[in-house]
Every structure is written in C-alpha cells, then in structure tokens.
Amino acid sequence: MPIFLYIERATFIHRLHPTVKVFALFVMFWSVYWVDHPLALLPLGLVMLALAEFTGAWPNFYRLRWLFILVILSTTLAWMVFYRKGPALINLPLIHLSRASLVFGLGRGLKLAELLATSVLFLSTTKVEEFTAGLARLGVPYRVGFAITLAFRLVPLFIDSALTVVQAQNLRGYDFNRGGPLERVKRYVPVLIPVFMGALRKANSMAMALEARGFGMSRQPTSFIDYPVEASDIAATAALLALGAVYFTIYYTGYGAISPK
Amino acid sequence: MSDRSPAPGAAGVSPRDVSVADAHAVALEAVSFTYTDGERPALSRVRFEVAAGEMVGVMGASGAGKSTLAKCLNRIVPEFEGGAFAGVVRIGGRSLDGARVCEVAPRVGMVFQDFEAQLFSTNVAHEVAFAMEQVGMEREEMVRRIRPALEAVGLAGFEHRDPTSLSGGEKQRLAIASVLALRPAVIVLDEPTTDLDPEGKAEVFALIRALREQGLSLIVIEHEAEVLRSADRLVLLREGEIIAEGAPHDLMTRIELLEECGVHPPDLNRVLAKSGIAAHAANVDEAEALIRRALPQLGASIHSSHLSRAAAGTSPQDAAAADGAHPLVEVRALKFNYPDGPPVLDSIDLRIASGEFVAIIGQNGSGKTTLAKHLVGLLRPTAGAVMLNGRDRATMRPAETAAEVGYVFQNPDHQIFAATVEDEVAFGPRNFNLAPGEIQRRCDEVLRAVGLQDARALDPFLLSKGERQRLAVASVLALRPRLLILDEPTTGLDYREQRRMMALVTELNRDEIAIVMITHTPWLVAEYARRVVLIRGGRKLYDGGVREFLASDELLASSSFRAPEATELSRRFGTVALGPDELAAWLAGQR
C-alpha cells in the first residue's frame, strides 16, 4: 500500500507555491464551511471534480470511493433521523423522509465529502515537504511543521503494525467482538500493548536516526526545494480570494442556507 | 592479533595521549557506559582506535556492547540514551565531550539496522538533501552533492522515486547516500543488512567495499564474520570489553572463540579447521587450493553448472512425505490478488505432509509470506483452495485451524502483551476455553520445550530478543498445531540465539510437527530444511530437495539465493555438502 497520496504530475497546480496550496486548502474549507444548501455546495464539488481530473488525482478518489459514498449516505440518513421538519413524503420507521430533511441531510453529507475531497486534492498535489515548507512560510515553527510530516509518515506504519498484531492475536483464538461495549474496548488491550510498545521503539529509532542526520542543529534549516513566486501563484491567490469572497457573500446574503433569510 | 584486557587506568588524558589520538580518525579512551536500568556496564573501559581510511569490523553477541560502542561515536550515548558515561571519544583528534548528537553528524555518519526508521522524505533526492538542510547548507551546494552521493551508492537516476517504493537493499543504500552527502570522515554501520534478503545484503556489502576504496574510515558492526572478510581489522567484544582484535586472517581462524562470543564463524574457516588445515581462506578459491594441497588425492576441480542427480542426492523421505495419501496441507491452484491489484500468487500447488521441514524462499516481495498467510487463513484465495487435513480451510472455525496450523510472526513483539511469560503462553489456550488443569499442563510442557521454564513469572518485555522469539513460539505451540509456520525466525538474533532457536525447531520437527520456515538465510536452509519451495513473482519455481536446489546454478541465480560457502566449496569437489561439518566429514572420508 502506498504510504502517501501524492501523485507526481506536471500540472500548474502541482507547481504552485506551497504557501498558495496551504492557502487554497484554507479557502476551500472556508467556502464549504459557510454554506449548507446542496445547490450552493454543488459548484464547489464540480470545481473539485474538475481539479481531480486536471491534476490526475482520480486514482486517489477511486481508492477512497467507498469512503465518499459512505460519508454522503450515512450523513444524509443520520440527519433524516434527527432533522424532522417538513411533511413526510413516505411514512418510514425512525427516518423522517421529507423534502426538507433530504435537502438538509444531503447538504451535510456533501459538506463532509467536500472537506474530504479538498484534503485528498491537497495531498495528491502537495508533497509532505511542501506542506512543511508552506506552513513554515506562514510562520509555523520548523519543528511543528516537521512533526506534521512525521505524523503522515508514521500513521500508515502504525496501522500496518496494528493489523499484524490483530492477525497474530486472532490466530491465537482471540475474539475482539465478544461482550458489551465496555468489554469490547477492554478486549483491545492485547492489541494496544504491542502496538504502543512497537510505536515507542519505532519513535525511539526514528528520533535517533533524525538526530544522527543533524536534526536540531539549526532552528530554521535551509530548504533543498526552491520555491520562487510565479505569476501563476499570484493568479491562483487572486482566484482563491475571489472564491472565498463569493462564498462569504452567498452566506451573508442567505442564499447558501437551507431556508433563505 | 592481540588478546587484551581493558586498558589500565586511562581515565585522565595527558597531552601526549592527545597527540597519539590525533593520528586516528576515531579514538575511544577508557570509555565506559552503564545504561540507567543496566545491571552491568554495557562498555567497560574500552580503548578503540580506527586509523584514517581503515575499515574495522566489530563483532560480538547480542548485548556484548557493539551498538553501544557505535552510539558513542556520534554521542547518541550518552546524549540520547541515559546512563553513566566515562572516558573520552575523539573524532579526528577532537574530543566529542559536550557535543550534541546533531553537531557530530557532519563528522560521523551513522547507518542503522532499521532502514524504515531512517527515511523521512517523499522522494530520493529530498531524502539525500535532508541532512544537508539540517546543517544549514546552501541550496546550490546541496544540488552539487546529491548526484555524486547517489552515484556512489548506485542510485543515480532514482532522484524522483518514492523511497517507500524501493527494495530493502535500495532503501539501505539510500540511507547511506544521505549520510555520504554530508561527507563525513567516518561512517558507522550498525548491522546494516540484518533485515535484507541475500541480494540486498550483497548490494550493501559491495557498496561498503567501494566506500573503503574511497578512503573513508568505516566501522561495520556485524555478528556474521564472513561478511567482514574485507575489513582491515576485526574487534571482538564480550560483555562490554574488547577481548580480541586482529586482522581477519588471524581472528577468523579462532573458531571456538568466535562461537563462544556469539559470532558466526565463516564456513570456509570451519571446514579448514575441522580438516586440520591451519590456514585462513579469504574466498572459496583459496579454500579449494588449500584443501587440494592437503588432499592431493581429490579429483580435478568441477565447475559444472548443474551437478548430476546422483551427486546432488535426493531426499527420499521428503518425496514420500510429499506424495503421501493424506497431506496435512494441500494448496490447489491458488491464486491471490488484492482488489484492483496484480496477482500476488498465481497457480500455486503445494502438498505438505506431517513431519516435513520445508523452507520457503524467494526475494522480498515474491509472495512467500502471502502464501504462508493462506495456509493459516489470514488471507482468502482469489481462486483455488487450501485444504487442511482434507478439509477446505475456508469452512473451518478459527479453533479448528489453530489446532492444525500455528503461525509465528517475524517480530515476536507483534504478539507479546501479557504481564508474565506464563500468562502469555496461556493466552491462546484460554481463548479456546480449555480447562485450567489442561492450560497449566500445556504451559509447563511448552515452556520446558523452549527452555523458559524458569522465566514463567518474569515480565516478557524483560527477556532478550532471542527469548522473546522462543516465547512467541511457545505461545503458538500451546495450541498444539500439527504444522508450525515460522516467518524469518532468526532475524535480529545473534549466532548463539539462532542456533538455539533452530535446535528448538528441529526438536519440534522430530516430534512430527511439520515446519514451514520462511527465510532469507542460506545456511538455515542448507543445514536445517529438507525441502525447498522457491517462489518467484508469485509463482512456484521449484519444489524439491535442498541438495538438488543448492546444486543448480540456474535455480540459485533465478532466486537471487546464494548457496552457503561450504556448499559452494563442496561442489568444487563434485559433491554437495549442506554445511561445514558435513563437508569436513566428507573430506575426512577421502583421506
């Protein structure tokens, strides 16, 4: 399993300045945050699909297709249980299926899916090093940025280790799904201890290897990757500012809400 | 060569000592270190020097102090590892006293055993640049240095590759490149090939030899003496003290001393010593010449690429077992691929009978572990079936599978969690709701079998790696499987622990437990297995006797597997010996 989502392509999105990419992540989140109505979210979704096509990020979206479907469906259905406004179209047990609940649920589902899509797009087009560099330009200390890099690096390793531990304990006849909720949590101890101990050992090895490679010598290390600001960065920043402004306006005028102000 | 006790009273360093130390790339003067929780010193008044351009091999058992010695050279000890430190470490004549680990990086490059834990970047060029960024080097200089560093390790053209997509050997070479980029005068390699397959191992040692030619000072830590033949000097550590040092041709002939110190003596030296030839051979050619001189009655040298079946010998016992009417395991036309992925296994047929000892070999990523995981039901075939004792495994409950097949993972720490050794062993039987009396009986039985009966009340995390590996075997054995799968059972163990582990496995096999061992280690296959299954690119390329396999150059080449040197040597005399003892016995018969 590839550890990173990054897909090397020569698109102008890939070449954008890391700070612009981090800013794009922020603007996309900002825009999604302000609106609730599916119709208001739809253009953003279409922009993301177009970007996925343009940047060659489809393989990642395909890999995560079930997650997207799950997020949209489960959120929509969950809100149909709690959002009980408007006349029911069909009488169903538990679920209140009305036009209003459908719109609201779908809006929430799309919102989450778009937040996820933004992240996938970002990680598909941004190397972890660029992420760190982008954060550094925005004033985040190098060590904090590097910790984020390391987290990306470690998570898949820990997942891999946890899966092996689960397999090892399963083969010794251990059933993780026995008992009530509390009992089930307790039953994960035979996984948590080996994973935790393994993580500590791995973290220790990594820390040693890092220091042995000079980590910590300079508070603001130099950067191998050169990030000149180009015209495309300025254009992209302008477009992002416009997008952010448009979506804030949509929110402010009430057009992005489920029921207009 | 010199045997020696620790350097007498050199705690203080006089100006005269400094001038002597200046001549050395590395100098340790009366260095002692005791870990915070250590019962005895990990290093005890060690005096150790490496001249500029010298390659020194450091050998010793687990816990002898090899890694501690290495860590002293870049201040990981005592800066990073807590404990009591005494003595002086000098690099290029300058004391490291008070330096931080990162400050030593430009002078001493360190390559660790775990290559996964020392790669941090998303592409190869960034990885090489990482250390240079940390020391604040200008970008132009980094660009200038990356290419030569990658060329030095044979990875030029890999600049844009994701390090995670590289093979184990390539990853370790990348780690070396990233260290080389800082152009240190000294490079320390701490068991750099432990986790590599034979091909990766050969790659890394070829690189080490090339670096030596370039005049770097190299310190290589190993517990297999054979790979250190090209060193200028060897140092043998035991319980934190240097007990012997000398040129390879001196130290490698001292078989008993090496074994006593948990070091695997070279096959060639063992054959020569057992044949009463008091000499050192630096390679198979030299060993052959020495033996022919001592035994002129031996026939002409044989360089046939494939020995006759008669010379190779067959394994009638295995053939009968494999053809038995009721195999313990039967794999039929097994195919496997991950969703949307290419085939990992293709058209695999395999029969394993009770009491067999099978080695599954193949390069990293060839599908060995995937195959083994099918036998125990951790993976479901995409097509085909796995039958256990005549029943389709897919229809069996976990308890039924566990009674047939046990699986010991490569890393024992992936399963150990209990507070005591006994609880760890009892975990499996308890899961299957066995009666307390029966659980106790099984614990007693398997702890005795693995030699941990006196450790039953101990915390498993306090055991050595070798003991933890034996505990992992015990806890799987407690379910009384008829087939035991061992995934790289000797990784990370020293020679003594490896022998002990394999003695245990052999003993189990004698009790009719079938063994399937996944391994990269040639001498384990030669000396212990009786049948080899070679997997390449997801397909079974060979399934048969060990001798026949080791007699065939084509098979060896296609598997990137190297026959142990004793076997290679034996073939020069027209026979196929499976180990130094067997070859020595054969030679004795020729006298």
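What you see below is based on every heavy atom in this structure, not just the backbone, and it leaves out hydrogens, waters and symmetry mates. So that the names make sense, note that chain A is the first sequence line, chain B the second, and so on, each numbered from 1.
- Considering CG of A/L210 and CZ of B/F120, their distance stands at 3.5 Å, rounded to 0.5 Å.
- Using a 4.5 Å heavy-atom cut-off against chain A, the contacting residues of residues 406-413 of chain B are B/Y407, B/F409, B/D413.
- Ranked by heavy-atom pairs under 4.5 Å with chain A, the first of B/R100, B/E140, B/E138 is B/R100.
- Here B/M142 contributes atom CE and A/S223 contributes atom OG; the two are 6.5 Å apart, rounded to the nearest 0.5 Å.
- Each salt bridge (charged side-chain N to carboxylate O under 4.0 Å, His left out) pair with one or both residues in residues 115-129 of chain A, not counting sequence neighbours, would appear here, but there are none.
- Neither the backbone nor the side chain of B/Y338 comes within contact range of chain A; no heavy atoms are under 4.5 Å apart.
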List the steps, then state whether side-chain contact (heavy atoms from CB on, under 4.5 Å) holds for A/M208 with B/Q118. CA-CA 9 Å; A/M208 269 196 285; B/Q118 46 188 333; over 6 Å; no
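- Within a 6.0 Å radius of CZ in B/R380, no more than 12 heavy atoms belonging to other residues, nucleotides or ligands are found.
- For a heavy-atom cut-off of 4.5 Å, chain B lies close to no residue in residues 17-31 of chain A.
- For the options B/G341, B/S475, B/G377, heavy-atom pairs under 4.5 Å to chain A are most numerous at B/S475.
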Take B/F130 and A/F146, measure what ring pair (Phe, Tyr, Trp, His ring centres under 6.0 Å) needs, and give me the verdict at the end. CA-CA 12 Å; B/F130 181 83; A/F146 187 77; 5.6 Å; yes
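- With a 4.5 angstrom heavy-atom cutoff, A/M197 touches chain B only via side-chain atoms.
- Within a 6.0 Å sphere centred on CZ of A/R65, heavy atoms belonging to other residues, nucleotides or ligands number more than 12.
- With a threshold of 4.5 angstrom between heavy atoms, B/E400 does not approach chain A through any atom at all.
- Inter-residue side-chain proximity for B/Q134 and A/P221 is flagged as met; some heavy-atom pair is nearer than 4.5 Å.
- Between the CZ atom in A/R172 and the CZ atom in B/R430 there is a gap of 11.0 Å [rounded to 0.5 Å].
- Close approach to chain B, defined as a heavy atom under 4.5 Å from one of its heavy atoms, is seen in A/F224, A/I225, A/D226 of residues 224-235 of chain A, taken by number.
- Residue B/Q113: no heavy atom, backbone or side chain, is found under 4.5 Å from chain A.
- By the 4.5 Å heavy-atom criterion applied to side chains, B/F427 and A/Q169 are counted as neighbours.
- Of all the listed residues (B/V104, B/V476, B/I416, B/V179), the one sharing the greatest number of non-hydrogen pairs under 4.5 Å with chain A is B/I416.
- Residue contact with chain A, scored on non-hydrogen atoms closer than 4.5 Å, involves the backbone and the side chain of B/V135 alike.
- A/T222 contributes a side-chain N or O that, together with a main-chain N or O of B/M137, makes up a donor-acceptor pair within less than 3.5 Å.
- In this structure, the separation between CG on B/D114 and CG on A/N204 is 11.0 Å, given to the nearest 0.5 Å.
- If you measure heavy-atom distances from A/A207 to chain B, the contacts under 4.5 Å come from both the backbone and the side chain.
- The minimum heavy-atom distance linking A/A212 with B/A105 is given by the pair O-CB, 3.3 Å.
- By number of non-hydrogen pairs under 4.5 angstrom with chain A, the leading residue of B/G428, B/C102, B/A478, B/P429 is B/C102.
- The pair A/R213-B/E127 counts as a salt bridge, with a side-chain nitrogen and a carboxylate oxygen less than 4.0 angstrom apart.
- Among the candidates B/A131, B/A472, B/A125, the residue making the largest number of heavy-atom pairs closer than 4.5 Å to chain A is B/A131.
- Contacts of A/Y62 with chain B are made by side-chain atoms alone, with heavy-atom separations under 4.5 Å and no backbone atom involved.
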Candidate pair A/I193 and B/F461, rule side-chain contact (heavy atoms from CB on, under 4.5 Å), full reasoning: CA-CA 11 Å; A/I193 291 178; B/F461 291 104; 4.1 Å; yes
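- Contact of B/P184 with chain A is not made at all, since no heavy-atom distance falls under 4.5 Å.
- The nearest pair of heavy atoms linking A/A209 to B/A117 is CB-O, 3.7 Å.
- Ranking A/K202, A/Q220, A/Q167 against chain B, the residue ahead of the rest is A/Q167, based on heavy-atom pairs under 4.5 Å.
- The distance from the CG atom of A/L171 to the CG atom of B/N431 is 11.5 Å, given to the nearest 0.5 Å.
- Looking at B/L119, both its backbone and its side chain come within 4.5 Å of chain A, counting heavy atoms on both sides.
- Among the candidates B/A129, B/G136, B/G109, B/P106, the residue making the largest number of heavy-atom pairs closer than 4.5 Å to chain A is B/G136.
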